[in-house]
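Here's the structure, in structure tokens; my notes come after.
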Amino acid sequence: MLPKDERGDGFENTGNYVFSFGYLVRDYVEEPVIPGRLRIQEEELDGGRYNKFRDFDLELIPYPALAACEGHTGIYSASECTFTPQSRPSEIPEFDANFLDTFQGGQGLSVQLLKMEYRTATAAGSIKITDESGMKNLAFKMYDTAIAMALNNA
């Protein structure tokens, strides 16, 4: 998409001129309701007092076991928090997954590793998020897909 006279001809000038561009196009159209879909979608998950996971959307694809999660938080003083959804599909099994997110603190863009533990001991279930990056900070934006590791409760 970039005219030849505006791009570099070799790698020797990449410090001063961009030699390539990339555009990623994403469709943000609302997805249809699909019967049997293993999904929790809520405006806000409650983690107690001021701890909220907003615009939460979690979907589990059983085979292969993938979990897709998106949403954002503003928790600046904790390394873990447990959230309670209002309800959940009973077919969602317990699982663990590791997600990457955009950390919302400090200067510039940084990436944070989070562990999610989904448990079904209560009717609504629970979602525990733990900071695995050592920052003691759960202020992030998440939009990631990860392998869901099923628990063996034998």
Side-chain angles (χ1 to χ4, degrees), residues 1-2 14 18-154:
M1 300 295 294
L2 190 66
T14 59
V18 177
F19 66 93
S20 64
F21 286 89
Y23 296 94
L24 303 175
V25 179
R26 183 154 182 86
D27 184 7
Y28 282 102
V29 175
E30 290 289 325
E31 294 183 33
V33 175
I34 300 170
R37 187 178 214 172
L38 302 179
R39 186 177 195 181
I40 299 173
Q41 186 175 27
E42 295 186 17
E43 241 180 81
E44 186 174 271
L45 290 181
D46 186 15
R49 194 159 174 135
Y50 303 112
N51 298 342
K52 308 295 180 198
F53 199 147
R54 294 178 175 87
D55 302 320
F56 182 80
D57 192 352
L58 173 69
E59 184 169 1
L60 182 68
I61 303 165
Y63 303 104
L66 294 175
C69 188
E70 68 178 283
H72 60 93
T73 66
I75 305 167
Y76 290 93
S77 61
S79 59
E80 73 178 36
C81 186
T82 300
F83 300 94
T84 305
Q86 293 177 16
S87 65
R88 67 175 177 87
S90 60
E91 299 85 9
I92 296 182
E94 294 186 332
F95 69 87
D96 290 351
N98 292 303
F99 293 99
L100 293 176
D101 66 59
T102 304
F103 174 61
Q104 300 296 306
Q107 300 286 329
L109 173 67
S110 55
V111 177
Q112 181 178 26
L113 176 66
L114 299 175
K115 179 179 181 181
M116 175 187 285
E117 299 173 35
Y118 180 81
R119 300 295 181 262
T120 60
T122 62
S126 66
I127 299 165
K128 181 179 173 183
I129 303 290
T130 306
D131 166 28
E132 296 289 315
S133 303
M135 290 191 279
K136 195 175 180 182
N137 192 321
L138 291 177
F140 59 82
K141 286 185 182 177
M142 181 189 296
Y143 194 84
D144 196 14
T145 301
I147 295 172
M149 298 165 282
L151 299 183
N152 224 349
N153 294 331

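Each residue takes its place number in the sequence, starting with 1.
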Contacts of Phe140 meeting ring-ring contact (aromatic ring centres under 6.0 Å, His included) (sequence neighbours excluded), chain-then-number -> Phe53
Check the surroundings of atom CD in Gln41: do more than 12 heavy atoms from other residues, nucleotides or ligands lie under 6.0 Å from it?
yes
For the atom pair CG (Asp96) and CD1 (Ile147), what is the distance rounded to the nearest 0.5 Å?
13.0 Å
Got a second to check how far Lys128's NZ is from Thr84's OG1, nearest 0.5 Å?
13.0 Å
Do you know which two heavy atoms are closest between Tyr118 and Pro93, and how far apart they sit?
CD2-O, 3.4 Å
Got Ile127 and Pro85 here, is their nearest side-chain heavy-atom distance under 4.5 Å?
yes
Let's go through Lys141 and Asp101 carefully: what are the C-alpha distance in whole Å and the side-chain angles of both, what is the deciding distance for salt bridge (charged side-chain N to carboxylate O under 4.0 Å, His left out) to 0.1 Å, and is it a yes or a no?
CA-CA 6 Å; Lys141 286 185 182 177; Asp101 66 59; over 6 Å; no
Please enumerate all residues that pass side chain to side chain contact (heavy atoms under 4.5 Å, CB included) together with Arg54, with sequence neighbours excluded.
Glu44, Lys52, His72
Ignoring hydrogens, what is the shortest heavy-atom contact between Ala68 and Thr145? Give both atom names and the distance.
CB-OG1, 3.8 Å
Restricting to side chain to side chain contact (heavy atoms under 4.5 Å, CB included), what partner residues turn up for Asn98, sequence neighbours left out?
Leu113, Lys115, Met149
Taking it one step at a time, do Leu66 and Leu60 satisfy side-chain contact (heavy atoms from CB on, under 4.5 Å)?
CA-CA 6 Å; Leu66 294 175; Leu60 182 68; over 6 Å; no
For residues Ala148 and Phe95, report the shortest heavy-atom separation together with the two atoms involved.
CB-CD1, 3.9 Å
Can you name the residues that form a side chain to side chain donor-acceptor pair (under 3.5 Å) with Gln112, not counting sequence neighbours?
Asp131
Any Leu114 side-chain heavy atom under 4.5 Å of Glu132 side chain
no
Looking at CD of Glu42 and OG of Ser87, how far apart are the two atoms once the value is rounded to the nearest 0.5 Å?
6.0 Å
Can you name the nearest heavy-atom pair linking Leu100 to Val111, along with the distance?
CD2-CG1, 3.9 Å
Among residues at least two apart in sequence or on other chains, which ones pass side chain to side chain donor-acceptor pair (under 3.5 Å) with Ser133?
none
Residues in side chain to side chain contact (heavy atoms under 4.5 Å, CB included) contact with Lys136, at least two apart in sequence or another chain:
Ser79
Reported CG-to-CD1 distance for the pair Leu45 and Ile40, which is rounded to 0.5 angstrom:
7.5 Å
List the residues meeting side chain to side chain contact (heavy atoms under 4.5 Å, CB included) with Ala146, not counting sequence neighbours, and say none if there are none.
Ala97, Phe99
Applying side chain to side chain donor-acceptor pair (under 3.5 Å) to Asn51 and not counting sequence neighbours gives none
Minimum heavy-atom separation for Glu117 to Thr130, with atom names?
OE2-OG1, 4.4 Å
How many angstroms lie between CD1 in Ile129 and SG in Cys81, if you round to the nearest 0.5 Å?
8.5 Å
Spacing of Asp144 atom CG and Met116 atom CE [to the nearest 0.5 Å]
10.0 Å
